[in-house]
Amino acid sequence: METLDSLYIGLQAALQPNILLYCFFGVFLGTFIGVLPGIGPLAAISLLLPITYHIEPTAAIVMLAGVYYGAEYGGSTASILLNLPGTAANAVTCLDGHPMAKQGRAGVALFMTTIASLVGGMIGVFALILFSPSIVEIGLKFGPAEYFALMILGLISASTLASGSPAKGMAMVVFGLLLGTIGTDINSGVPRFDFGIAEMMDGISLVGLAMGLFGISEIINSITIKRDGKITEKITMRSMMPTKKDVKDSIKPMLRGSGIGGFFGALPGTGAAIASFISYAVEKKIAKDPTRFGKGAIEGITAPESANNAAAQTAFIPTLTLGIPGSATMAIMLGALIIHGIQPGPMLMSEQPTLFWGLIVSFFIGNIFLVILNIPLIGMWVSLLNIPYRILYPAILVFIMMGVYSVHNSSFDLYVVAIIGIIGYGMSLLRFEAAPLLLGFILGPLMEENLRRALLLSRGDMATFIDRPISMWLLIISGLILAWSFFGSFRSHLRKKTLAKEQAAAGNA
C-alpha cells in the first residue's frame, strides 16, 4: 500500500502538462539522437544540460532521462538499416538486424525492436519500483566512511569492468579526480590549481567537460568515418507486421533479455552495452540451431534490445538511491541533480518524493510515448539518415558552443570545451576511455568531502574505514575487483606473448 501511495504521488506529478511536455520532448529528441550513428545520448544530454538551469528540477530530470532511454530505442534504426550502431548498446543489433534488412525484412526488424524495447523498459521500471526502497533502507545505514568506500568501489568497477585496459581506465579515473580538485576548496576557501586565472576559481564546468569529451571529440571521430550511400528501401506499416513465428520466437528471449538487462544495469561499471552482448551470447548458447545467429535470427535483435532498455531503466537505481552513477550517462544525470541543489542518496526518496516517484512514473509514460513515436515515424527516421553529415555535424557543433556559452555567458568556457574536445579526441586515438574520467571528475569532490568528514569524526584515525564492517567489505571488494582485473590483463598479455612466439617458431620452421 505504501508503494501504491507513492506511485499515486508520482502520477500526480508526472501528469502535469509541463512534465508531460518535457517527457515527450526528451524521448523524441532521444530517439532522434539514437537514430543518428556516432552521436549517442551522452552528447545529447551534455548539450541539453545548460537548458536545465532554466527549468524546474523534476521537469529537467524527466527530460534528460527521456533522452537517455529514448536513444536506446532509436539506436536500433541505424543498426538495422545501415549496419552502424546508433549507440554502443545497439552494436550487437547489427549482427542480425542488418542481415534481416538485406532479406527485405527491415520493417519487421524495426517493429520487433520497438516492442522488445517496450517490454525491456517496462520490466526495468518495475524492478526500479520493487528494489529501490530496499536499497534505500540499506543506504540509510551508511555514514561518511561507507560513502567514501562505496564511491571507491563505483570508480574501480567503472574503470576496470568496462572495455579496454584496466590500467588506462584507472589512469582516466585519477585524471578525473585531479580535474575535480581545481577550484576553491570547500572547507578552507583557498583556490587550488587555478594558475591565477579568475575563471578557474569555480573549477572546470561540468557542461564544458561533458560536451568536450562526448560532443566535440565524437563529432571529430564521426567525420573520419566513411559512410556509404543512401537508404532506398521504403518502410510501410504493412512491411512491419511480424509473422506468428516471429512473435513466438521473441517472447522468451525478450523476457530473458529484460532480466539480464535489469540485473546488469544496476551494477556500476556494466550498463546497457555489456547487458546487450551478454543477452545475445545467452540466446546463442541455448538456441537449438546457433548457426542461425548472424544471418537474421529474430532472437538476435529482440533479446539484446530488451536487455539494453531494461538496463537503461535500472541504471537509475544506484544513481538515485545511493548517489553512485553506474555509467557516464548516469554521471551527467547526477551532475544535473546536484546543479539543482538535489543530493541523490537514501534520503532522496523521503525528502523529494514528488521528484523521485514522478520520475519513475514518467518512465512508464515515456515508454508509451516511444512506441507511439517509433512505429508511425519509422519512415521519418529513415529519411533522417539520408541527411548529409557535412550539414548535420556543423549544426551540432554550433548548438554545443551555444549551450556552453549560455551557462556562464563566458567566452572562457568556449576555449575550455574546445581544448577538452581536442584532448578527448587524442584520448580516443590512444584508446583511453573518457567515461571513467567523467566519473572521477563528478565523484572526486564528493569523495573528498566524505573522506574529510569521516576523518573529522574519527579524529584523524584512518582505521575508521576498516573498523566499520560495511566500509571494510566495500574496500575489500574493490581490492578484489582491481586485483582480478589486473590479473586478467596480465594473463591476456602472457597469452598473446606465447602465441606470438609460437607463430614465430612456426614461421622459422
Side-chain angles (χ1 to χ4, degrees), residues 42-43 45-46 49 144 147-186 192-194 200 202-215 217 267-271 315 318-319 322-339 343-345 416-417 419-421 423-428 430-454 465 474-475 477-479 481-482 485-486:
L42 268 172
I45 291 173
S46 302
L49 202 55
Y147 272 114
F148 174 78
L150 186 63
M151 289 174 190
I152 291 285
L153 175 61
L155 287 176
I156 288 176
S157 298
S159 61
T160 59
L161 296 180
S163 61
S165 165
K168 288 182 176 180
M170 287 304 299
M172 286 295 95
V173 166
V174 173
F175 187 29
L177 292 171
L178 291 173
L179 290 178
T181 62
I182 296 173
T184 306
D185 182 16
I186 297 173
R192 301 187 299 189
F193 311 113
D194 63 343
M200 295 282 281
D202 289 331
I204 294 175
S205 166
L206 170 64
V207 177
L209 184 70
M211 286 192 179
L213 288 175
F214 302 102
S217 64
L267 297 179
T270 52
T319 306
L322 298 175
I324 304 297
S327 66
T329 310
M330 287 297 103
I332 296 283
M333 298 294 296
L334 181 69
L337 287 165
I338 293 170
I339 283 169
Q343 182 59 55
V416 169
V417 76
I419 292 168
I420 290 171
I423 293 171
Y425 176 64
M427 290 191 314
S428 67
L430 296 170
R431 298 188 178 180
F432 282 91
E433 293 189 24
L437 187 154
L438 187 66
L439 288 170
F441 178 78
I442 291 177
L443 288 182
L446 297 173
M447 281 177 62
E448 183 184 5
E449 185 181 338
N450 282 289
L451 174 63
R452 287 187 174 187
R453 195 178 295 165
F465 297 104
L474 287 172
L475 290 174
I477 293 169
S478 301
I481 291 173
L482 194 61
S485 180
F486 279 107

Q: Work out which heavy atom in T181 is nearest to a heavy atom in R192; give both atom names and the distance.
A: O-NE, 3.3 Å

Q: Tell me, please, which residues at least two apart from S428 pass side chain to side chain contact (heavy atoms under 4.5 Å, CB included).
A: N221, Y425

(Q) If you compare all heavy atoms of P144 against all heavy atoms of A454, which two are closest, and at what distance to 0.1 Å? (A) CB-N, 3.7 Å

**Q.** Spacing of CG belonging to L475 relative to CD1 belonging to I152, to within rounding of 0.5 Å
**A.** 7.0 Å

(Q) According to side chain to side chain contact (heavy atoms under 4.5 Å, CB included), who are the partners of I477, at least two apart in sequence or on a separate chain? (A) L153, I481

Q | Set of side chain to side chain donor-acceptor pair (under 3.5 Å) partners for R453, sequence neighbours left out | A | E449

Q: For F432, enumerate each residue passing the ring-ring contact (aromatic ring centres under 6.0 Å, His included) test, keeping only those at least two apart in sequence or located in another chain.
A: none

Q: With sequence neighbours excluded, tell me which residues meet side chain to side chain contact (heavy atoms under 4.5 Å, CB included) with L337.
A: I61, L320, I342, P344, L355

Q: Identify the heavy atoms of A149 and S478 that sit nearest to each other, and give their distance.
A: O-OG, 4.3 Å

Q.
Please enumerate all residues that pass side chain to side chain contact (heavy atoms under 4.5 Å, CB included) together with L179, with sequence neighbours excluded.
A. F175, I182, I204, L209, L437, F441

